[in-house]
Amino acid sequence: MMKEGDLCYIPQAVRLFNQGGPYVKTTERPLIGIFIKETDAHHSAVFTQGEQRWVKTKHIYPMEVQC
């Protein structure tokens, strides 16, 4: 389970959505984002590429913490 502020990995070919808008962008390469919150059972808000986007939660992964 991710919490607000965690770094997350977004793989290539994942759809990023705008809230309430038809704009959909498919990632052309893997991205790193900041997890904001889970908006419902299937979607989460992330901050990536300078914008807040919504993505299917099953398509984002927490970044590993290594010491």
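In what follows, every heavy atom counts, from backbone to side chain, and hydrogens, waters and symmetry copies are set aside.
- For the side-chain hydrogen bond (donor to acceptor under 3.5 Å, both in side chains) test, no residue two or more places apart in sequence or in another chain qualifies with D6.
- For residues 34-43, no residue pair satisfies the salt bridge (charged side-chain N to carboxylate O under 4.0 Å, His left out) rule, not counting sequence neighbours.
- Taking hydrophobic clusters as Ile, Leu, Val, Met, Phe, Trp and Tyr residues chained together by side-chain heavy-atom distances below 4.5 Å, M63 shares a cluster with F47.
- Listed by first and then second residue, the side-chain hydrogen bond (donor to acceptor under 3.5 Å, both in side chains) pairs involving residues 54-63 are S44-T57 (not counting sequence neighbours).
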Run the side-chain donor-acceptor check on residues 21-36: report pairs under 3.5 Å with partners two or more places apart or on a different chain.
{"unit_1": "K25", "atom_1": "NZ", "unit_2": "Q49", "atom_2": "OE1", "d": "2.9"}
{"unit_1": "T27", "atom_1": "OG1", "unit_2": "P11", "atom_2": "O", "d": "2.9"}
{"unit_1": "T27", "atom_1": "OG1", "unit_2": "A13", "atom_2": "N", "d": "2.9"}
{"unit_1": "T27", "atom_1": "OG1", "unit_2": "V14", "atom_2": "N", "d": "3.0"}

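- Applying the salt bridge (Lys or Arg N to Asp or Glu O under 4.0 Å) criterion to E4, with sequence neighbours excluded, gives no partner residue.
- Taking CG from L7 and OG1 from T48, the interatomic distance works out to 10.5 Å, rounded to the nearest 0.5 Å.
- Within the structure, the salt bridge (charged side-chain N to carboxylate O under 4.0 Å, His left out) test picks out the following pairs touching residues 42-52 (sequence neighbours left out): E51-R53.
- For A45 against Q52, the heavy-atom pair with the smallest separation is CB-NE2, 3.9 Å.
- Connectivity analysis of hydrophobic side chains (ILVMFWY, heavy atoms under 4.5 Å, direct or indirect) links M1 to nothing; its cluster partners are none.
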